[in-house]
Structures are given as structure tokens and as C-alpha cells.
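Worksheet: one structure, shown below.
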Amino acid sequence: MNKRILILATVFGFFAVVIGAFAAHGLKPKISASAMQSFETGVRYQMYHALLLLFVGNMDGISAKAKKIVFYLIGVGILFFSGSIYSLATNSLTGFDFSVIGFITPIGGLLLILSWVVLFVEFVKK
């Protein structure tokens with residue numbers, strides 16, 4: 001499980017840097033300032049959780065069950081939260097109206113919050 005967690009961490013971290021650079025250099029002149037702020041929020045939370053996964057994947061004091069739960073909560077949470085924010089922020093550049101998927105942003109945020117709760121409970125039990 002640790003290897004899978006660390007791989008996901010590096011993939012999320014890599015893409016946070018690539019997507020952030022793309023936004024800073026390619027998107028900035030094409031989207032509104034508020035859309036750019038939203039986009040940056042998605043990148044920031046993606047990177048925060050990539051770093052959290054690096055921590056979880058390298059920590060021996062977390063049970064395998066908790067690691068697996070955190071892995072899935074963060075994996076799906078980032079796809080829903082950051083992915084929907086990226087889509088919504090660039091909505092004006094596409095022919096598809098991404099506002100119809102806006103409801104998954106808070107679901108993704110809830111999954112990310114739950115990953116922290118799982119870790120909190122795990123640490124309290126120790």
C-alpha cells in the first residue's frame with residue numbers, strides 16, 4: 001500500500017506543478033481574475049494533499065487500513081475537488097458548460113476533510 005500511496009503522491013505533486021505553471025503562463029491572460037484565483041485554489045489543495053500522501057506513505061505508525069482509506073479519500077477527493085475547480089475556472093474557454101458538475105466540488109472537499117478525520121482518529125487511538 002505504501003508504494004501505491006507514494007506513487008499517487010508523486011503523480012498529484014507533478015501535475016500540481018505542471019497545471020500551476022500552465023495556469024500562470026498560459027491561462028492568466030485568458031480567464032478572469034476570480035477564475036484564476038479558483039484555479040490556484042485547486043492547485044494548492046492538490047499539492048497540500050500530495051504532501052500529505054507522502055507523509056502517510058512514509059509513516060509506520062498508521063495502520064494499513066487507515067492508509068488504504070486515506071488513499072481512496074484523497075484520490076477521489078482531489079479528482080472531484082481540484083478537477084471540478086479546474087473545469088469550472090476554464091468554463092469560458094470550452095464549448096461544454098461545466099457548471100452542471102459544480103455539485104461535485106463540495107463532495108470532493110468533504111472527502112478531503114474525511115481523510116484528515118481518519119488520520120486524527122488514528123493518531124488519537126495510538
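Model, not experiment: these values are computed from the prediction.
Here the CD1 atom belonging to Ile101 is positioned 8.5 Å from the CG atom belonging to Asn91, to the nearest 0.5 angstrom. Taking NZ of Lys68 as the reference point, atom CZ of Arg4 lies at 7.5 Å (rounded to 0.5 Å). Of the inter-residue distances, the one linking Leu27 atom CG with Thr90 atom OG1 reads 7.0 Å to the nearest 0.5 angstrom.
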Worked verdict on Val70 versus Trp116 for side chain to side chain contact (heavy atoms under 4.5 Å, CB included): CA-CA 8 Å; Val70 167; Trp116 287 97; over 6 Å; no

Side chain to side chain contact (heavy atoms under 4.5 Å, CB included) assessment of Val43 paired with Ile85: CA-CA 9 Å; Val43 171; Ile85 287 177; over 6 Å; no

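Glu122 and Ala66 get closest at one heavy-atom pair: OE1-CB, 3.5 Å. For Val17 against Met47, the heavy-atom pair with the smallest separation is CG2-CE, 3.7 Å. Across every non-hydrogen atom of Thr105 and Ser84, the tightest pair is OG1-OG, 2.5 Å. Here the closest non-hydrogen pair linking Ala50 and Phe12 is CB-CB, 3.9 Å. The two atoms that bring Leu53 and Ala9 nearest to each other are CB-CB, 3.5 Å, heavy atoms only. In terms of heavy atoms, His49 sits closest to Ser115 at CD2-OG, 4.4 Å.
Between the side chains of Tyr45 and Glu40, not a single donor N or O lies within less than 3.5 Å of an accepting N or O.
Follow the hydrophobic side-chain contacts under 4.5 Å out from Tyr72 and you never reach Leu6; the two are in separate clusters. Leu51 and Leu114 fall into different hydrophobic clusters, defined by Ile, Leu, Val, Met, Phe, Trp and Tyr side-chain heavy atoms under 4.5 Å apart, directly or through other members. Val100 and Ile104 fall into different hydrophobic clusters, where Ile, Leu, Val, Met, Phe, Trp and Tyr residues are linked whenever their side-chain heavy atoms come under 4.5 Å apart, directly or through other members. Linking ILVMFWY residues whenever their side-chain heavy atoms come closer than 4.5 Å, directly or via other members, places Phe55 and Val118 in the same cluster.
Looking at Leu112 and Leu73, their side chains never come closer than 4.5 Å, going by heavy atoms from C-beta outward.
In this view, Ser87 satisfies the side chain to side chain donor-acceptor pair (under 3.5 Å) rule with no residue, not counting sequence neighbours.
Of the possible donor and acceptor atoms, none in the side chain of Lys126 sits under 3.5 Å from a partner among the backbone N and O of Ile62. In this structure, the side chain of Ser32 engages the main chain of Ala35 through a donor-acceptor pair within 3.5 Å.
In this pair, Tyr86 and Phe39 present their aromatic rings tilted. The plane angle is within the 30 to 60° band.
A 6.0 Å sphere centred on CZ of Phe15 holds no more than 12 heavy atoms belonging to other residues, nucleotides or ligands.
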